[in-house]
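Both backbone and side-chain heavy atoms feed into the values below; hydrogens, waters and symmetry mates do not. Letters A, B, ... are given to chains in the order of the sequence lines, protein chains preceding strands, and every chain is numbered from 1.
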There are 2 protein chains.
Amino acid sequence: MNWHDIPSLLALRAFEAAARHGSFSAAARDLNVTHAAIGQHVRALEDHFGLPLMQREGRGMAVTPDGRRLADSLGDAFGLIASASTDLLDQAKTRAIRVSITPSFAANWLMPRIGGFWDAHPDIEVELIPSMQLIDLRRDNIDVAIRYGDGNWTGVHSTPLLSAGHTAVAAPSYLKGCDTDCLADLKGSRWLLDGNRSEEKLWVAQNGVDLDEEDVTYFATGQLSREAALAGLGVTILPAPVASGHIASGALVKLCEEIDSAVAYHVLTRPEAVNPARDVFVKWLKSQTA
Amino acid sequence: MNWHDIPSLLALRAFEAAARHGSFSAAARDLNVTHAAIGQHVRALEDHFGLPLMQREGRGMAVTPDGRRLADSLGDAFGLIASASTDLLDQAKTRAIRVSITPSFAANWLMPRIGGFWDAHPDIEVELIPSMQLIDLRRDNIDVAIRYGDGNWTGVHSTPLLSAGHTAVAAPSYLKGCDTDCLADLKGSRWLLDGNRSEEKLWVAQNGVDLDEEDVTYFATGQLSREAALAGLGVTILPAPVASGHIASGALVKLCEEIDSAVAYHVLTRPEAVNPARDVFVKWLKSQTA
DNA sequence: TTCATATGATAGCTAGGCTAACATACAGAA
DNA sequence: TTCTGTATGTTAGCCTAGCTATCATATGAA
């Protein structure tokens, strides 16, 4: 396709609108520009083709036979473009929004609540994608990601969803009635920690417990350390939203909780991506923590 | 047609080229932009539609099924636009170029020569439009105008074609052998002048003849005054190119001629209008005065 | 004649489109 | 395995195509 002989697509669009309306002013209103812009485009096309396309007729403009032929072809072409665009937008509206969440957050916070979203929005399908890492929203085609941290990530828009201070918990069977007021009271316990979470070790150290002098077992994932605690094997540390579910069910007991934590669960999105359904879901997420 | 839901036409063009080539770099070469421009456009479209359109595949890019559907529609649409544009350009190439000339210039300078142009360029049709006034090239759909004056017109490109100093002439039958060296020698003659040409009166006055003391008849048009002179009724003043034809035929005798005149015949065009045939004709016009 | 609404013309503004430059990734040749 | 050519990814910053604002003239209805 030799684009050299084809004039400005914006000029062609302006001309097609002017020809369809028989008026520069009406075309301007249609395209949200001034009549001057339409006029300039049409003149430029007449210069490019070396033929008059429209001419004055009273207050409006009449299309010449040459102009009529061009306008008809352009109408067909832009009609195809409009149809293809609309079809794709409709298709995008029907696809599930892809949400990346950590497995623990999904199990303990989101799943218990997602039924409410489905009830309220049966027209919006949500595809939950468990993932442990911070992903690339664009490359991985993710609409929303929920991640635990300080929210200071580049390239995405992040808003805090809910606070997630560290919480020390253990199974009732492990505690056997032991009383605790602070982390230091837990000295001598068996610690079950996620080897990846240096923040947890820091929190414990900052609260009077030297982990180097404690009985600590490090697990490859937080899920494994959590399951070990649920089995009554010792004390573990969970983010508050994850812990709350287990505590409510009585499977774990809250021993000590971090107040005013800098870390939280955040909602990550790409604002340049237009997606109304994604926006509805994010709004619902935030309504669950109000 | 709701243009609000339709993304940038330039972005759609970039995407169609990338899809057709399976490569940002090849599309860039096709459209004479950088691969970065293509990449940005495709990403912007993916954000607009909320769907991936192309994805990495080794060194090139593969089109997704959604992208393929869009690309096919765009290919059809841009094909229509290309066809319509090319057809109109071809049509413009075949139409006659419209040349506006004054009747006297046509009769005395152009018509004796135009046969040479037709012989050299049988493929270019020239439509001669006699007109007395300076016209609006665009409004009147004129490709070339040839006009007499100082060339200082706004809104058009003018280049001098041939000098056109004033020339005093009379029929041999009127002169009856009278000898002249300058205009002053013509005192006492009957002057036949175009009432519209104040420049001619000025020239005569500047060369020693007070027309207020002469026998002067003013005509409504230059043609009438010229025909009166051809009939032997007196002395008239013509632009040199108009006079030269009559002098060569012996119908008129040159009495006195203006040297280094500021006025000339000029070729007027609109450079913003693209028209190769017009350019060929203008080039030929200038070759006739080299 | 007056008034509303059209197009014509153009100086000047601005943001969409692009480039330049540097990055990483892929694939084939040596 | 290494090197090289060529692909895409990213982004700061430039710039001109596209537009607006403004004032002009022209048209047609009241």
Nearest whole Å is fine: how far is D:dA7 P from B:Met54 CE?
14 Å
In whole Å, what is the span from the CG atom of A:Leu31 to the P atom of D:dC19?
9 Å
Test ring-ring contact (aromatic ring centres under 6.0 Å, His included) on A:Phe117 and A:Phe281; report intermediate values, then the result.
CA-CA 8 Å; A:Phe117 180 80; A:Phe281 181 70; 5.1 Å; yes
Just the atom pairs and distances: protein N or O near nucleotides 9-15 of chain C's N or O, under 3.5 Å.
unit_1: C:dT10; atom_1: O4; unit_2: A:Gln40; atom_2: NE2; d: 3.3

Strictly below 4.0 Å: does A:Thr34 bring a side-chain N or O up to OP1 or OP2 of D:dA21?
no
Nearest-Å distance for atom pair CD/P, residues A:Glu272 and D:dG9:
15 Å
Between P on C:dA20 and CD1 on B:Ile38, what's the gap in Å once rounded to a whole number?
15 Å
Between C:dA6 atom P and A:Met61 atom CE, what is the distance in whole Å?
13 Å
Measure from the side-chain N and O atoms of B:Thr289 to the backbone N and O of B:Leu162, and report whether any donor-acceptor pair falls under 3.5 Å.
no
Integer-rounded Å distance: D:dG18 P and A:His48 NE2:
13 Å
Donor-acceptor pairs under 3.5 Å, side chain of residues 18-29 of chain B to any protein atom, not counting sequence neighbours: which ones?
unit_1: B:Arg20; atom_1: NE; unit_2: B:Glu16; atom_2: OE2; d: 3.0
unit_1: B:Arg20; atom_1: NH1; unit_2: B:Asp30; atom_2: OD2; d: 3.3
unit_1: B:Arg20; atom_1: NH2; unit_2: B:Glu16; atom_2: OE1; d: 3.1
unit_1: B:Arg20; atom_1: NH2; unit_2: B:Asp30; atom_2: OD2; d: 3.4
unit_1: B:His21; atom_1: NE2; unit_2: B:Asp30; atom_2: OD2; d: 2.9
unit_1: B:Ser23; atom_1: OG; unit_2: B:Ser25; atom_2: N; d: 3.2
unit_1: B:Ser23; atom_1: OG; unit_2: B:Ala26; atom_2: N; d: 2.9

If we only count heavy atoms from C-beta on, is the A:Leu12 to A:Ile6 side-chain gap below 4.5 Å?
yes
Is there a side-chain contact between B:Arg95 and B:Asn275 (heavy atoms, below 4.5 Å)?
yes
State, yes or no, whether a side-chain contact exists between A:Asp194 and A:Glu200 at a heavy-atom distance under 4.5 Å.
yes
Should B:Ser8 be listed as having a side-chain N or O under 4.0 Å from OP1 or OP2 of C:dG16?
no
Distance flag, aromatic centroids of B:Trp3 and A:Phe78, threshold under 6.0 Å:
yes
Can you check side chain to side chain donor-acceptor pair (under 3.5 Å) on A:Arg147 and A:Ser158, steps first, answer last?
CA-CA 9 Å; A:Arg147 284 297 183 280; A:Ser158 82; over 6 Å; no
Figure out the CZ/P separation between A:Phe24 and D:dT27, and round it to whole Å.
15 Å
Contacts under 3.5 Å, N or O only, protein and nucleotides 28-30 of chain D:
none

Kindly say whether the aromatic ring centers of B:Tyr148 and B:Phe105 come within a distance under 6.0 Å.
no
Options C:dA6, C:dG17, D:dT8, nucleotide nearest the side-chain atoms of B:Leu10
C:dG17
Length of the line joining B:His41:NE2 and D:dT10:C1', which is rounded to integer Å:
16 Å
